[in-house]
2 protein chains.
Amino acid sequence: MKQSVAKVRRGRRPGTNSTQQAVLDAARARFARDGFTATTIRRVAADADVDASQVMQFFRSKDELFAAVMAIPSTALDLFNTAFEGPDEHLGERVVRAYLSAWEGAPEQSEPLMAMLRGAIVNEQASEHLREFIQSRLMSGAQAGTAPDAALRAGLASSMLVGIVTSRRIIGVPLLVAADTETLVGIIAPAIQQVLVPQPAF
Amino acid sequence: MKQSVAKVRRGRRPGTNSTQQAVLDAARARFARDGFTATTIRRVAADADVDASQVMQFFRSKDELFAAVMAIPSTALDLFNTAFEGPDEHLGERVVRAYLSAWEGAPEQSEPLMAMLRGAIVNEQASEHLREFIQSRLMSGAQAGTAPDAALRAGLASSMLVGIVTSRRIIGVPLLVAADTETLVGIIAPAIQQVLVPQPAF
DNA sequence: GAATTATCTCAACGACTGTTGAGTTTAATG
DNA sequence: CATTAAACTCAACAGTCGTTGAGATAATTC
């Protein structure tokens, strides 16, 4: 009964207008700034100069809109993976710089991470994203490291760096906000190095 | 016109019943488990077998109820302060143990901290609490340390440890949850020591 | 122009929230 | 017992939220 083998598409084509991208941009900024709960669909729609029901038609629900926002650009993920690979000598410094630059770079890269971080407490999807984010660091670390607890060490380092970013960008601890990147790297990098590549007792 | 100097109190006395404490206990558990937004006054009231308006009469608003929950027992704060004081030799280990035990101890001590952590993203009061919590660590560190950036170093160490606790107790990263305390101390303590008491280059 | 499909608008539903006010019951005083 | 003030109950308000459905407008093909 189905007569639609290689059916020719008719009618208006989807996606030609940039409205959908405008909605996504507005949602990304809002979710990063206000978090998941405080961000309302009506507010996102107003930012994008669109009706609220329009947002619901593009993305089917608030959760799916949030999921679209959290889709981390692959370039950022590659940046992390390459940071973990390589020689052990300056591993700590490379990892620290990767985390700090990812959260302080252009909004298109930092906002999805901020949205994930802010949403991780109230939204199960964001929590799972962050969990996998740290887990994938663990895998990279397990490949590179030789010690049997290399995965655990990489996860702890990742948690520490996420804690520092949270204090700076979400909690806003004044002294940490005021500190410049080089000062932070100078203090943190040796500690992360110690976690990832344990020094023999001395 | 005021005739109330040393007026004798009449009528029923407040606070004789333990209902108020039951409400506070229920609220503490809920805020720690579900966070600020997901915790509703009606739910807290149901947990304490009380009408919702009763909660509003005891504590004037949801924010004040939350503030009462976050009032950290002074014993926990003293535990942190004493951990930062003392000789530099095993400072890292003492501090790490203080953080881990505070978040894994009895509910009366850990739940206010969990409520603060979970609420810090959506509630301004919780965010300020956590900010001051880290700040007070900074002060303790500034007293003990000799380096000019001792306060910054103490703040970074505190952020790192909060990050680890968050990964374990809120995000629930499996490998970190499974790790036992002694293993964690063995890995983290040297790194925290490195942050607080920088080793000369070698 | 007719048909088809997507974009967009408008109004409303149903559920849930914090909060309030009036009224009832209970304990403590004179 | 009468009075006072607290503990407690019940019902409702006012606002916000995610979501839905019907219908108008616009683009694309035959």
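Not measured: the values here are computed from a predicted model. Chain letters run A, B, ... following the sequence lines, proteins first and then strands; every chain starts at 1.
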Handout entry: Sugar-phosphate, base or nothing in reach of T37(B), heavy atoms under 4.0 Å
Key = nothing
Practice task
Report yes if some heavy atom in the side chain of M160(A) is under 4.5 Å from a heavy atom in the side chain of S159(B); otherwise report no.
Solution key: no
Fill in the blank from the handout: When R42(B) and D63(A) are each assigned the nearest nucleotide of DNA chain D, the 5'-most assignment goes to R42(B)
Practice task
Residues of residues 118-128 of chain A with any non-hydrogen atom less than 4.0 angstrom from an atom of DNA chain D: list those, numerically ordered, please.
Solution key: none
Atom [atom1] of [X] to atom [atom2] of [N]: distance rounded to whole Å?
X	N	atom1	atom2	answer
R43(B)	dT19(C)	CZ	C1'	20 Å
K62(B)	dT20(C)	NZ	P	15 Å
D49(B)	dC8(D)	CG	C1'	13 Å
L65(B)	dG18(C)	CG	P	10 Å
Q54(A)	dA24(D)	CD	P	17 Å
I41(B)	dC13(D)	CD1	C1'	16 Å
F59(A)	dT19(D)	CZ	P	14 Å
M56(A)	dC8(C)	CE	P	16 Å

Handout entry: Base dC8(C) paired with S53(A) side chain (donor-acceptor, <3.5 Å)
Key = no
Completion exercise
Contacts of F58(A) and R60(B) projected onto DNA chain C by closest heavy atom; the upstream (5') one is F58(A)
Exercise for the section: Would you tell me whether D51(A) and S53(A) have side-chain atoms, one donor and one acceptor, within less than 3.5 Å of each other? Expected result: yes
Practice task
For the residue pair W103(A) and F80(A), categorise the inter-ring angle as parallel (less than 30°), tilted (30 to 60°) or perpendicular (more than 60°).
Solution key: perpendicular
Problem - Polar side-chain atom of K62(B) near backbone of M56(B) as donor-acceptor pair, under 3.5 Å - result: no
Exercise for the section: Give a yes or no on whether the backbone of G163(A) and the side-chain of S167(A) come within a donor-acceptor separation of less than 3.5 Å. Expected result: yes
Problem - Centroid-centroid under 6.0 Å between F66(A) and F59(A) rings - result: no
Practice task
Supply the atom-to-atom distance I170(A) CD1 to R131(B) CZ, rounded to the nearest 0.5 angstrom.
Solution key: 12.0 Å
Exercise for the section: Name the closest nucleotide to the T40(B) side chain, picking from dG18(C), dT19(C), dT9(D). Expected result: dG18(C)
